[in-house]
Chemist: 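Please see the structure below; I have some questions.
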Amino acid sequence: MTKSFLLLFFALNTTIIFGQDLTATQLLNKAIAYHDPQGNWEDFRGQLFITMKTPNSSDRLSEITIDLPQQYFKLVTKKDDTTTEQILSKQDCKLLLNGSDTISEDETKKHRLTCERTQSMRNYYTYLYGLPMKLKDPGTPMDSEVSRKTFKGKIYNVLKVAYKEPVGKDTWYFYFDPATSALEVYQFYHDEEHNDGEYIILTDQEEIDGIKMPKIRAWYYNKNDIYLGTDTLTKTSVLIE
């Protein structure tokens with residue numbers, strides 16, 4: 001096989017894989033069409049059951065209730081002998097430790113049981129499990145161009161989002177499979193020049209109310225590829241009226 005034929009073969013296959021150049025909006029729309037083809041995320045009402053495994057630590061079990069139309073969020077976390085409950089119902093906040101709402105100052109600090117923390121956890125879970133749909137949120141500073149990057153030996157179409165205060169200060173990259181537009185990796189930096197931050201590899205999928213969510217999320221440091229932990233979506237259920 002001649003060198004010129006190899007170059008032609010590569011060019012043709014690149015066209016097949018990537019097709020015509022996409023804008024960021026086009027890629028995002030294709031990704032949303034894959035993950036949420038019926039447009040159900042906006043009115044999502046469901047429960048997510050997550051097991052978190054980290055090195056040298058016991059498992060953490062989380063039961064998360066998200067009701068977007070009712071502006072309701074509940075996070076029940078169980079680790080060892082401790083159960084915490086954090087609830088946001090519109091503007092109301094409720095915190096429980098092992099079933100009691102009498103929580104000492106030391107326990108509040110130890111378990112980070114505050115309404116501000118609960119709001120952060122609500123934003124965290126609705127963001128990560130609402131991707132890529134959440135990239136449609138107003139004010140998301142997404143680059144207009146799609147880049148192509150190789151990550152762990154695979155070529156991806158990549159979207160870049162550089163958040164600014166008050167939303168945040170991190171720069172995020174979202175890696176989409178060029179054939180299906182499925183979201184397979186995301187990565188963030190606090191300061192990209194220092195290669196800090198983390199990357200998260202998504203494998204397998206769990207479908208709830210027609211939405212394809214990542215079943216397994218494995219976290220690593222960018223700088224040295226050190227493994228941090230894995231979140232596994234063990235069960236989902238749709239809320240019943």
Side-chain angles (χ1 to χ4, degrees), residues 44 46-68 70-131 134 137 139 161-172 186-192 194-201 213-214 216-236 239:
F44 181 77
Q47 285 186 301
L48 311 177
F49 298 80
I50 299 169
T51 298
M52 180 179 183
K53 293 182 178 290
T54 53
N56 306 314
S57 181
S58 57
D59 291 355
R60 186 182 74 188
L61 307 179
S62 298
E63 301 175 13
I64 301 154
T65 304
I66 299 172
D67 187 334
L68 295 181
Q70 295 299 318
Q71 301 177 50
Y72 180 86
F73 171 81
K74 181 178 181 180
L75 171 61
V76 180
T77 302
K78 301 175 182 179
K79 185 175 173 64
D80 300 324
D81 297 326
T82 302
T83 300
T84 61
E85 296 180 55
Q86 303 172 69
I87 302 169
L88 289 175
S89 182
K90 296 183 179 177
Q91 302 303 317
D92 295 329
C93 174
K94 184 176 182 179
L95 306 170
L96 300 173
L97 176 61
N98 293 325
S100 173
D101 60 2
T102 302
I103 307 171
S104 70
E105 185 176 343
D106 288 343
E107 290 172 328
T108 295
K109 290 180 179 179
K110 178 180 179 181
H111 300 289
R112 305 175 73 183
L113 281 174
T114 67
C115 291
E116 291 77 11
R117 174 67 176 172
T118 303
Q119 291 172 349
S120 296
M121 297 308 294
R122 175 197 59 192
N123 296 341
Y124 170 83
Y125 282 113
T126 55
Y127 183 76
L128 292 186
Y129 284 98
L131 288 171
K134 291 291 289 180
D137 283 1
V161 176
Y163 287 101
K164 296 178 175 61
E165 295 290 4
V167 177
K169 298 183 294 184
D170 296 338
T171 299
W172 286 72
Y186 41 80
Q187 183 177 36
F188 68 88
Y189 299 90
H190 307 303
D191 185 343
E192 194 167 351
H194 289 86
N195 194 33
D196 60 6
E198 301 164 14
Y199 64 87
I200 301 89
I201 296 176
M213 294 184 178
I216 299 172
R217 298 186 300 147
W219 298 72
Y220 301 83
Y221 280 130
N222 285 324
K223 183 170 289 186
N224 45 26
D225 292 316
I226 289 179
Y227 168 71
L228 296 173
T230 300
D231 295 329
T232 301
L233 188 57
T234 58
K235 178 184 174 183
T236 63
L239 294 180

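Residues take their numbers from the sequence shown, with the count starting at 1. Basis for what follows: all heavy atoms, side chains included, without hydrogens, waters or symmetry-related copies.
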Chemist: Is the number of heavy atoms from other residues, nucleotides or ligands within 6.0 Å of OH (Tyr221) greater than 12?
Modeler: no
Chemist: Nearest 0.5 Å, please: how far is OG1 in Thr77 from CD in Glu85?
Modeler: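 These two atoms lie 9.5 Å from each other.
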Chemist: Out of curiosity, Ile50 CD1 to Thr230 OG1, how far, rounded to the nearest 0.5 Å?
Modeler: 12.5 Å
Chemist: So, Ser58 versus Asp80: side-chain donor-acceptor pair below 3.5 Å or not?
Modeler: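 Result is yes, a qualifying pair exists.
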Chemist: Does a side-chain heavy-atom distance below 4.5 Å link Leu48 with Tyr125?
Modeler: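 No, side chains not in contact.
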Chemist: List the atom of Asp196, the atom of Asn222, and the distance in Å for their closest heavy-atom pair.
Modeler: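 The answer is O-ND2, 2.7 Å.
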Chemist: Do the ring planes of Tyr186 and Trp172 sit parallel (below 30°), tilted (30 to 60°) or perpendicular (above 60°)?
Modeler: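 Tilted: the ring planes of Tyr186 and Trp172 meet at 30° to 60°.
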Chemist: How about Lys110: does its NZ atom have over 12 heavy atoms from other parts shown lying under 6.0 Å from it?
Modeler: no
Chemist: Drop me the distance from Tyr227's OH to Thr54's OG1, to the nearest 0.5 angstrom.
Modeler: 7.5 Å
Chemist: Would you kindly say whether Ser57 and Lys79 are connected by a side-chain donor-acceptor distance under 3.5 Å?
Modeler: yes
Chemist: Below 30° counts as parallel, above 60° as perpendicular, anything between as tilted: where do the rings of Tyr163 and Tyr127 land?
Modeler: perpendicular
Chemist: CE of Met121 to OG of Ser62: how many Å apart, nearest 0.5 Å?
Modeler: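 If I round to the nearest 0.5 Å, the distance is 7.0 Å.
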Chemist: When you check the gap from the basic side-chain N to the acidic O, do Glu63 and Lys78 get nearer than 4.0 Å?
Modeler: yes
Chemist: Just so I know, are the side chains of Met52 and Trp219 near enough to count as touching, which here means a heavy-atom distance under 4.5 Å?
Modeler: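 Contact flag for Met52/Trp219 side chains = no.
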